[in-house]
Amino acid sequence: MAVLNRVLRLRAASSFSVRSFRSSSFLNSETDLKASSSVITQNSLPLQRDVKDRNAQWVFLGCPGVGKGTYASRLSTLLGVPHIATGDLVRDELSSSGPFALQLAEVVNQGKLVSDEIIINLLSKRLEASAAKGETGFILDGFPRTIRQAEILEGVTDIDLVVNLKLREEALLAKCLGRRICSECGGNYNVACIDIKGEDGKPGMYMAPLLPPPHCASKLITRSDDTEEVVKERLRIYNDKSQPVEGFYRSRGKLLEFDLPGGIPESWPKLLQALNLEDHEDKQSAAA
Ligand SMILES: Nc1ncnc2c1ncn2[C@@H]1O[C@H](COP(=O)(O)OP(=O)(O)O)[C@@H](O)[C@H]1O
């Protein structure tokens, strides 16, 4: 982690090509998990090794509102690795008097992407904090979001698996607009009730709201970039800048496509199944 962090910093400050930084000494030793060059399907995941033997280095991709944070956070708890969401790092920086706060406010509130340099700087600081705590492995959420970021990451470490979460487009905007955060405990909730009727052979979809407990209910706030206009712009930017990142990992055989079938109660067990992690959860709940 410390090495990765150092190299990310170097890379952010450098005008060298990504390839010039690629050196086996920076790479993770878990190369045996390198996936085959074919596209990974839900039934052919390369992660056959017991997760207890290693620390996962995973990436979560997906449109705004898809639920990356929810599932990445649950999996990080299950796997015992930090969940590192660059959106959270940006919001922390915004609410602090950090050096990038003013610059960031304008960019984020327009739904645009923050510069690669700033993101890598924030990510490096976060990795430094992880290393100081002795944490290894990670689930990255919201990074990489451009091909350049993916190349930078590839230049410094091995990513074992990239989970591409997908949700029907009709649900994405409503999910973003329904998002609520408890200003006191930071809990994430969603007041949207998605009820898409089946038609023309397409199945319907129901996602119940995720309502806050009574002690959070009066303290709910919304993100300043979760307005209809800004969410639409974020979705447009995702299609333009971030969707190519799916292809980047698909061509390297690391992409696991996962279509969310509904809300958390239906999707979570299916995701664990797709990741070959059902046993892991059983063992963890038995030990709790
Ligand atoms: N990897 C990144 N590169 C550039 N900007 C980022 C990155 N991660 C987060 N951001 C900025 O933070 C904002 C919020 O990110 P995030 O919480 O991941 O939102 P979303 O719900 O759109 O996935 C983004 O709209 C963008 O401005």
Side-chain angles (χ1 to χ4, degrees), residues 4 8 11-12 18 58-73 76 83-96 98 100-127 138-157 159 162-167 169 171-181 186-190 192 210 221-246 248-249 260:
L4 167 61
L8 273 174
R11 184 61 197 101
V18 169
W58 290 7
V59 162
F60 263 66
L61 300 180
C63 288
V66 78
K68 293 185 296 293
T70 303
Y71 294 101
S73 153
S76 77
H83 166 214
I84 303 181
T86 45
D88 288 345
L89 302 182
V90 167
R91 282 181 287 278
D92 288 349
E93 183 72 15
L94 267 172
S95 60
S96 73
F100 305 121
L102 271 180
Q103 226 178 314
L104 287 178
E106 202 179 332
V107 176
V108 173
N109 288 330
Q110 287 175 4
K112 310 269 187 248
L113 290 184
V114 171
S115 73
D116 291 341
E117 282 65 31
I118 293 183
I119 282 294
I120 285 169
N121 192 301
L122 296 177
L123 184 57
S124 296
K125 276 198 243 161
R126 175 63 179 81
L127 290 168
F138 48 75
I139 297 186
L140 289 179
D141 154 7
F143 185 94
R145 234 178 174 103
T146 60
I147 292 284
R148 181 165 179 252
Q149 290 179 7
E151 287 173 346
I152 291 171
L153 190 62
E154 187 177 54
V156 296
T157 196
I159 295 301
V162 178
V163 181
N164 185 27
L165 290 185
K166 293 194 289 193
L167 184 63
E169 214 171 316
L172 293 171
L173 180 63
K175 286 272 309 297
C176 283
L177 299 182
R179 223 154 27 188
R180 299 289 182 275
I181 302 153
N188 285 290
Y189 307 103
N190 205 304
L210 183 60
I221 51 169
T222 52
R223 272 169 49 172
S224 59
D225 58 346
D226 274 344
T227 61
E228 183 162 347
E229 191 191 355
V230 178
V231 172
K232 284 184 173 161
E233 176 65 359
R234 279 158 51 208
L235 287 166
R236 193 191 63 74
I237 289 185
Y238 184 88
N239 289 331
D240 184 30
K241 299 259 169 43
S242 307
Q243 213 165 29
V245 177
E246 297 173 11
F248 179 92
Y249 287 117
L260 289 157

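The figures here come from the full heavy-atom set of this structure, side chains too, leaving out hydrogens, waters and symmetry mates. Ligands are counted one by one from 1 in listed order, and the atoms in each one are counted from 1 as well.
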side-chain contact (heavy atoms from CB on, under 4.5 Å) with S242: which residues, sequence neighbours excluded? R145, Y238
What protein heavy atom is closest to [atom], reported as residue, atom name and distance in Å?
{"atom": "atom 5 (N) of ligand 1", "answer": "V114 N, 3.0 Å"}
{"atom": "atom 24 (C) of ligand 1", "answer": "R145 NH2, 4.0 Å"}
{"atom": "atom 21 (O) of ligand 1", "answer": "R234 NH2, 2.9 Å"}
{"atom": "atom 19 (O) of ligand 1", "answer": "R223 NH2, 3.2 Å"}
{"atom": "atom 7 (C) of ligand 1", "answer": "I119 CD1, 3.5 Å"}
{"atom": "atom 3 (N) of ligand 1", "answer": "Q149 NE2, 3.0 Å"}
{"atom": "atom 8 (N) of ligand 1", "answer": "T86 OG1, 2.8 Å"}

Atom of [X], atom of [Y] and distance for their closest heavy-atom approach:
{"X": "A101", "Y": "E93", "value": "CB-O, 3.5 Å"}
{"X": "V59", "Y": "P144", "value": "CG1-CD, 3.8 Å"}
{"X": "G69", "Y": "D141", "value": "CA-OD2, 3.2 Å"}

[X], any N or O under 3.5 Å of ligand 1 N or O:
{"X": "K112", "result": "yes"}
{"X": "P144", "result": "no"}
{"X": "D141", "result": "no"}

At a non-hydrogen distance cut-off of under 4.0 Å, which region of R179 contacts ligand 1 (side chain, backbone, both, or neither)? side chain
Does ligand 1 have a heavy atom under 4.0 Å from the side chain of L113, from its backbone, from both, or from neither? both
Once side chain to side chain donor-acceptor pair (under 3.5 Å) is applied, do any residues pair with K241, and if so which ones, sequence neighbours excluded? none
Just wondering, do [Y] and [X] contact through their side chains at under 4.5 Å, heavy atoms?
{"X": "Y189", "Y": "R179", "answer": "no"}
{"X": "K112", "Y": "R234", "answer": "no"}
{"X": "W58", "Y": "I159", "answer": "no"}

Under 4.0 Å from a heavy atom of [X]: give me the atoms of ligand 1 that qualify, with their elements.
{"X": "F143", "answer": "1 (N)"}
{"X": "R91", "answer": "14 (C), 17 (O)"}
{"X": "K68", "answer": "23 (O)"}
{"X": "G142", "answer": "1 (N), 2 (C), 7 (C), 8 (N)"}

List the steps and the verdict of side chain to side chain contact (heavy atoms under 4.5 Å, CB included) for L61 and V163. CA-CA 6 Å; L61 300 180; V163 181; over 6 Å; no
Closer than 4.0 angstrom, basic N to acidic O: yes or no for R236 and E233? yes
